[in-house]
Every structure is written in C-alpha cells, then in structure tokens.
Protein chains: 2
Amino acid sequence: MAKQKTKFAVLGLLSWKPMSGYDIKKLVDVGLSHFWNENYGQIYPTLESLVKEGLATRKEDRTSSKRKRFVYTITRKGQQVFRDWLAEPTGSPIVRNELQLKFFLSCSLPTTESVRLIKEYQSQQQLVLDDHRRSEKVLREAVRDGLFPKELDELLRITSQKQTRQSRSKQCKIFLLTLRHGIRAIEARLEWCAEVLKSLGK
Amino acid sequence: MAKQKTKFAVLGLLSWKPMSGYDIKKLVDVGLSHFWNENYGQIYPTLESLVKEGLATRKEDRTSSKRKRFVYTITRKGQQVFRDWLAEPTGSPIVRNELQLKFFLSCSLPTTESVRLIKEYQSQQQLVLDDHRRSEKVLREAVRDGLFPKELDELLRITSQKQTRQSRSKQCKIFLLTLRHGIRAIEARLEWCAEVLKSLGK
DNA sequence: TCAGACATGTAAGTCGTTACATGATTCA
DNA sequence: TGAATCATGTAACGACTTACATGTCTGA
C-alpha cells in the first residue's frame, strides 16, 4: 500500500501555488509531459480527498465575474506532508518498455522484423527529440536573459503571488534541467538504435 | 481499451517455448527485469483467458513423477495473434518518473534539498549499472564463445525443444542488446546527474 | 453565431499489486 | 526435520483510463 503518486503530485503542485484542477491538468500536459501525466479522473477526486484530509482548502474564484472556478490552496499541514514525502527515499520506477519486449520476442522471427521494430522506435524517438530540443532552445534563451518564456509565464503565474526574480530564475533553471534529462534519455536510445542496426548487420 | 500488455507479454513468451506460469514469472524476474515485470496475480488469470480464447492449450506435466505442474503451449491461432501484435505500431510508454517530479517540485525549497535528491538518484542508479555491467560481461563472453551462460541456459530450455546453434546465438545476441539498452539509459542518467550537480554549483 | 477553450465532475471498466492460502518436494 | 524452492491460485484493494455529461465564456 501507500503509493498514491497522484496525491503527492497534486499536493506538490499546490505547494508551488494555488491552482484549480484544470490548471493542474494543463500545467502537467504542457510543462511536465516528458516526465509526468495526470488525467481529470484522478485529479478531481484527489483534490476532494486532499480537502477532506485537511491538506488543502477549496474556495471559489469569482474574480472579474468569470465562470465557476475552484481554486485549491495547500494548508500548513499539507506543506508538511509534502516535505515529508519529498524527503522519503524514492523507489526506482518499475520499468515496462513495450518496444524492448517486442524486440526481445522478435528473436524467433526473421531478423528483418527486429530491424523494422528498431527503425520504428528510431523515427518515433527522433520526433520527440526534435520537439524537446525546440523547447530547450526557448528555455535556454530565457534562462540567459533571466526571463520566463511566454507559454510558461502564463502557466506559472496564473495566481497572484509575489515571486522574486531569483526564485523565478531558479524555477526556470530546474525546469530546463528536467528537460535535459528527457533529452539525454532519448539521445541514449537513439545511439542504442544505431548500435543495434550495426550489430544486426543492417 | 485494448492494451492488455500482460496478455501479449505472456503470449509472446509462450511463442518462444511452452512454459508454466511459474516459469514465466521466473524468466521475467531473472532475465527481463530491466525492461519488464509481471506478477502472479496477473499471470495465472491471463493464462486461463488465453486458453479460453483458444490462443494456448494447457496440459499437465508429470514427467519423472514431479509435482503438479501445468504447461501452456501456444496454438497456431495464438502464434498469429502474437505476430499481429508485434507488427502493430508500438505506442510510446507513458512516462512517470517520481524522481524527476520531486526534483522539479524541490525548486521552492533550498537548493541543498535538490542536491540531496540528485545524489540519492545517482547512487541508486550506480548500483543498478554495476549489476547490469556484470551481466553484460557474462553475456559478452557467451556470445563470443557461441555458448549460453549457465543461468540463462536453465531458463531457456526448461522444455525439450530442438534449437539450432544459430537460433540460440541469435537469442543470446538480442538478449545482450536489450541489456545494452538498459545500460545506455542508466549511463545517460548518471551523466545527467553530474550535469545537474555542476549546474547547481555542487 | 459558433467553434474552441474554460471548467467540473462521474461511472464503468481495466489493470496491477499485495497479501494471503495451500501444499508438494528437495536437500542439507 | 526444517528451510528453501517449486507451484498454483484467489481476494481485496488501489491505481489508472476512457468516455460521457454538462454548462459557460470569449473572440473571430
């Protein structure tokens, strides 16, 4: 028992700043998609349970006569629980790579089939890499200039919160570093593909 | 709908050779743990459903008065379903890296906390890398000599099946390549850790 | 005016993990 | 004789996905 990844992910995002369920979903989709995912079916019930446990509070936001919107704010207790979780040892993620499985199982078939699988993987990963590299370029320039790129800016200050230039620069730096992790991982996969094609006598 | 990863994983392993649920679990744990996992709670019901769907047959194995043991054999229809699945495009795995999440969320805390997280990741990954490298060494020697390493040999010919020297050498090669994938991935992560520590001013 | 984004939520179903239950055989 | 391994299975729970349902507001 006791995993509840969604719970801590949501709590952690709230530790950043107050947000609605919709905001959380968008932030994850736009900014964290290379290492995290969430869906509404998990987010809304989780927010509800956070309130029940006293880790967050909910209040309706009706600034400038906007539509119905519930903003969740982390409580002091929530902050504590979040920090405790962060300090806990992180279990290594269970690995389940479908392509590796297929490749492994392809050994009873003609080599052409194994080669086809690798080439598919290769072009798929290349697309993701191109995308990541574009994001990286934008972010790098932002870090250099001490600014936040526009798309992120919208996401990261939906709510009014005083942030020092320094804390935002740090956010940006860490954002960039997580992206680098994704890029490195894909590069390694692409190098592996080349290695495989060579080894199978392409 | 329609994912059923366990179903195709089990079917694919049976396409290799007839096995019992216990064999499958062991093979996955010992040999494929760097890219796959399964547990009994999924394996046994899956085997049952494969039989129901006519993709495998079950028969009791009582060779040499051994204990109760059910061996599952893939049917012709099963082979076809397996091959169809292999040919289907492989969706990229959903990513959920808890350490990346923690690292990202640590940006509102002192930098020492971010550093601690990375160091934890680093030593964890290093252990796995050492382990993989040991396996690689054994496998490389086996490939060079055209042999199968002992541990694998037991697993891979539990059942009597005529295999040419060539097909076994290919199995071994592909086995080695999947291991290389795991090694590359970890190396990339460790390089990233170094990059991060440097960037955070260690 | 109408498409698209904003916004919240539920229901049903699948998938996956963990813990438990049971018992046979082997080997030191 | 007792621990380890072989071997099969189930029940309960928890996690996750998908599809659906509903309605508002903004801007071209």
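Convention: sequence-line order gives letters A, B, ...; per-chain numbering from 1. Just so it is clear, the model here is predicted, and its values are computed rather than measured.
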- prompt: Distance check: side-chain N/O of B:Y22 vs OP1/OP2 of D:dC6, anything under 4.0 Å?
  reply: yes

query: Do B:S15 and B:Q79 have side-chain heavy atoms sitting under 4.5 Å apart?
result: yes

query: For A:Y44 and C:dT8, is the shortest distance between a side-chain N/O and OP1 or OP2 below 4.0 Å?
result: yes

- prompt: A:R69 CZ to C:dT8 P: how many Å, rounded?
  reply: 7 Å

Distance in angstrom units between B:Q42 CD and D:dA15 P, rounded: 16 Å

- prompt: CG of B:L47 versus P of D:dT10: gap in Å, rounded?
  reply: 12 Å

query: Looking across every strand, which nucleic acid part, if any, lies under 4.0 Å from B:G21 by heavy atom: base, sugar-phosphate, or nothing?
result: sugar-phosphate

Charged tip of A:K59 within 45° of A:F70 ring normal and under 6.0 Å: no

message: If the cut-off is 4.0 Å, is B:T6 near the phosphate of C:dG16, judged by side-chain N/O to OP1 or OP2?
response: yes

query: Taking the six-membered ring for Trp, is the centroid-to-centroid distance between A:F8 and A:F82 below 6.0 Å?
result: no

field: Nearest-neighbour nucleotide for the A:K5 side chain, D:dT10, D:dC16, C:dT17 considered
entry: D:dC16

message: I want to check one thing: is the phosphate of D:dC6, taken as OP1 and OP2, less than 4.0 Å away from some side-chain N or O of B:K26?
response: yes

- request: Check the distance between D:dC13's P and A:Q4's CD and give it to me in whole angstrom.
  value: 15 Å

task: By nearest nucleotide on DNA chain D, pick out whichever of B:R96 and B:Y40 is the more 5' one.
output: B:Y40

- prompt: Taking atom P of C:dA21 as reference, at what distance in whole Å does atom NZ of B:K68 sit?
  reply: 17 Å

message: Could you tell me how far apart A:I43 (CD1) and D:dA15 (C1') are, to the nearest whole angstrom?
response: 14 Å

query: A:D23 has an atom CG; how far is it from atom P of C:dA5, in whole Å?
result: 16 Å

Atom pair distance, as rounded to whole Å: NZ in B:K7 and P in C:dT14: 13 Å

task: Identify whether any heavy atom of A:F8 sits under 4.0 Å from a base atom; if not, whether one sits that close to sugar-phosphate; answer base, sugar-phosphate or nothing.
output: nothing

- request: May I ask you to verify if any side-chain N or O of A:K25 is less than 4.0 angstrom from the OP1 or OP2 atom of C:dA7?
  value: no

- prompt: Is the distance from OP1 or OP2 of D:dG9 to the nearest side-chain N or O of B:R58 less than 4.0 Å?
  reply: yes

message: So, does B:N39 get its side chain near the phosphate of C:dT17, meaning an N or O under 4.0 Å from OP1 or OP2?
response: yes

- request: Would you kindly check if the NZ (Lys) or CZ (Arg) of B:K5 is within the cone defined by 45 degrees around the ring axis of B:W36 and under 6.0 Å from the six-membered ring centre?
  value: no

field: Charged tip of A:K7 within 45° of A:W85 ring normal and under 6.0 Å
entry: no

